[in-house]
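Inspection log for the structure reproduced underneath, given as structure tokens.
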Amino acid sequence: MMDDYFDLIIKHFNVVTLENQMKPDHLAPRQRGGEYNFSTADNMINELLLNDILIHGHTLVWHNQTHSWMTEGTPAQVRDNLVNYINTVMAHYKGKVFSWDVVNEAVMERINPGEQNNSWKTQLRTESGWYKALGADFIELAFRTAREADPDVELYYNDYHLNNQRKAIVVANMVKDINDRYKREGNERNLIDGVGMQGHYSLTVNIDDVRNTIQRFVDIGVKVVISELDIETRNAWGTNSGPRKDTPMTQQEQKQQAVVYAQLFKLFKEYSEFIPRITLWGLDDENSWKSFGNPCLWDGDLNPKQSFFAVLNPNRTKGL
Ligand code: XIL
């Protein structure tokens, strides 16, 4: 790990999520029956743990960055793949990882408003290999397997665009349904401990929507994590996606971004009792996956931006 980055991390943070290195395409065997590849993630994690940084695991069950063999075969084989993968990875990281994203991005991108009141099971991402093989049940199966694999870690459902109320309602219904069923079996705790709101926002994010979603999850009794926060100032998708596409920000962009970061952190502070973790997706604008949008708190030379100071002191937006 590069020294400058490492120094910045241990100075400012107490929890780290690896951006890619704990995803299934990094950890799982490339072919069925092959070897797991833990060493890259292990090297990073061990160094972080030595510096008293906690590790959040991201992510176990996802439709992206997952080898195709894992979701191929009969339903019974895919079920075995899911259970074995979770058991192997969680056993490997027992005592090192304090919380896991168990299922990532399982809910449909655009909820059909007419169908919003149907069961959450009709609102899942049908192109997911896990869904295709196992139907909606893969979600509860993943969480139950994870709970048994390591009862000491916190289990999260993680997704993006949860500021969209339609999507937030579906996720809340899903989490509540699964948790209610688990509790009816006599368990005192939740099965899904919390929801991760990724927080890949733009300058036009509606803060009231973010508030409503946090409140919605608080109301069903789960924790809320801001799991992948970045605020793009220009659209960094499509041909503009990926690192090293950053260009200097205008003064206006700097100010606008700092104001949005401040507004969000004011809100997060109000709800701090329910928000155990806020994770930024990337440190600096040059290496961010959305570098074209300059979404981070540090610029490409690792200088803190106005947004950094806005996060430190979100109530002082005068002068911005
Ligand atoms: C992104 C990484 O930042 C990129 O480097 C990678 O090429 C693709 O994945 N939701 C998630 C994250 O849960 O894992 C994604 O991370 C961003 C969207």
Side-chain angles (χ1 to χ4, degrees), residues 1-2 5 9 13 15-28 37 40-41 44-45 55-68 70 85-86 89 93 97 99-110 124-125 127-131 138-139 142-143 146 154-164 167-168 171 175 192 194-202 205 210 213 224-232 235-246 277-298 300:
M1 218 177 284
M2 287 165 68
Y5 288 87
I9 289 169
F13 300 89
V15 190
V16 162
T17 305
L18 304 193
E19 187 175 357
N20 287 299
Q21 292 80 356
M22 294 178 85
K23 291 174 180 173
D25 65 345
H26 282 65
L27 299 184
N37 307 294
T40 306
M44 297 171 87
I45 290 171
I55 306 294
H56 170 73
H58 173 76
T59 179
L60 293 166
V61 178
W62 193 21
H63 62 283
N64 274 334
Q65 291 184 267
T66 298
H67 298 306
S68 53
M70 297 175 74
Y85 181 73
I86 292 176
V89 172
Y93 287 113
V97 166
S99 60
W100 271 105
D101 289 334
V102 178
V103 176
N104 200 31
E105 302 180 349
V107 170
M108 224 191 268
E109 158 74 88
R110 287 195 178 75
L124 299 180
R125 197 183 272 280
E127 79 271 22
S128 156
W130 299 113
Y131 180 89
F138 84 90
I139 298 175
F143 279 98
E154 297 209 329
L155 307 179
Y156 281 85
Y157 174 77
N158 191 51
D159 213 330
Y160 64 97
H161 286 173
L162 293 180
N163 48 320
N164 172 338
K167 194 167 177 183
V171 170
V175 170
I192 303 177
V195 176
M197 296 174 68
Q198 291 185 6
H200 298 296
Y201 297 135
S202 71
V205 59
V210 180
T213 298
V224 186
V225 146
I226 312 302
S227 57
E228 306 180 13
L229 183 61
D230 54 8
I231 303 173
E232 65 180 3
N235 189 334
W237 285 106
T239 49
N240 281 328
S241 68
R244 298 193 178 78
K245 298 201 169 183
D246 53 317
R277 173 170 63 90
I278 298 171
T279 294
L280 308 173
W281 207 240
L283 282 180
D284 72 290
D285 287 341
E286 187 181 331
N287 292 293
S288 160
W289 72 312
K290 288 190 168 186
S291 63
F292 183 75
N294 290 308
C296 299
L297 299 189
W298 285 270

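Both ligands and their constituent atoms are indexed starting at 1 by order of listing.
- Residues Tyr156 and His56 come closest through the heavy atom pair CD1-CE1, 4.5 Å.
- Nearest non-hydrogen protein atom to atom 2 (C) of ligand 1 is Glu19 OE2, 3.4 Å.
- Judged by distance alone, the side chain of Asn37 and the main-chain N or O of Ala28 form a donor-acceptor pair under 3.5 Å.
- A donor-acceptor pair under 3.5 Å links the side-chain atoms of Asp285 to the main chain of Cys296, judged by distance alone.
- Taking atom 8 (C) of ligand 1 as the reference point, the nearest protein heavy-atom neighbour is Gln65 OE1, 3.4 Å.
- Near Trp62, meaning under 4.0 Å from any of its heavy atoms, are these atoms of ligand 1: 14 (O).
- Within the 4.0 Å heavy-atom criterion, neither part of Asn64 lies near ligand 1.
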Handout entry: Pair Val171-Val175, side-chain contact (heavy atoms from CB on, under 4.5 Å): steps then yes or no
Key = CA-CA 6 Å; Val171 170; Val175 170; 4.1 Å; yes

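- Taking any N or O of Glu105, backbone or side chain, at least one lies under 3.5 Å from an N or O belonging to ligand 1.
- Backbone and side-chain nitrogen or oxygen atoms of Trp289 are examined, and none is located within less than 3.5 angstrom of a nitrogen or oxygen of ligand 1.
- In terms of protein heavy atoms, atom 6 (C) of ligand 1 is closest to Asn20 OD1, 3.4 Å.
- Looking at Asn294 and Asp246, their side chains never bring a donor and an acceptor atom within 3.5 Å of each other.
- A donor and an acceptor atom, one from each side chain of His63 and Glu127, are nowhere located under 3.5 Å apart.
- In the candidate list Glu228, Lys23, Met22, Lys23 is nearest to atom 16 (O) of ligand 1, counting heavy atoms.
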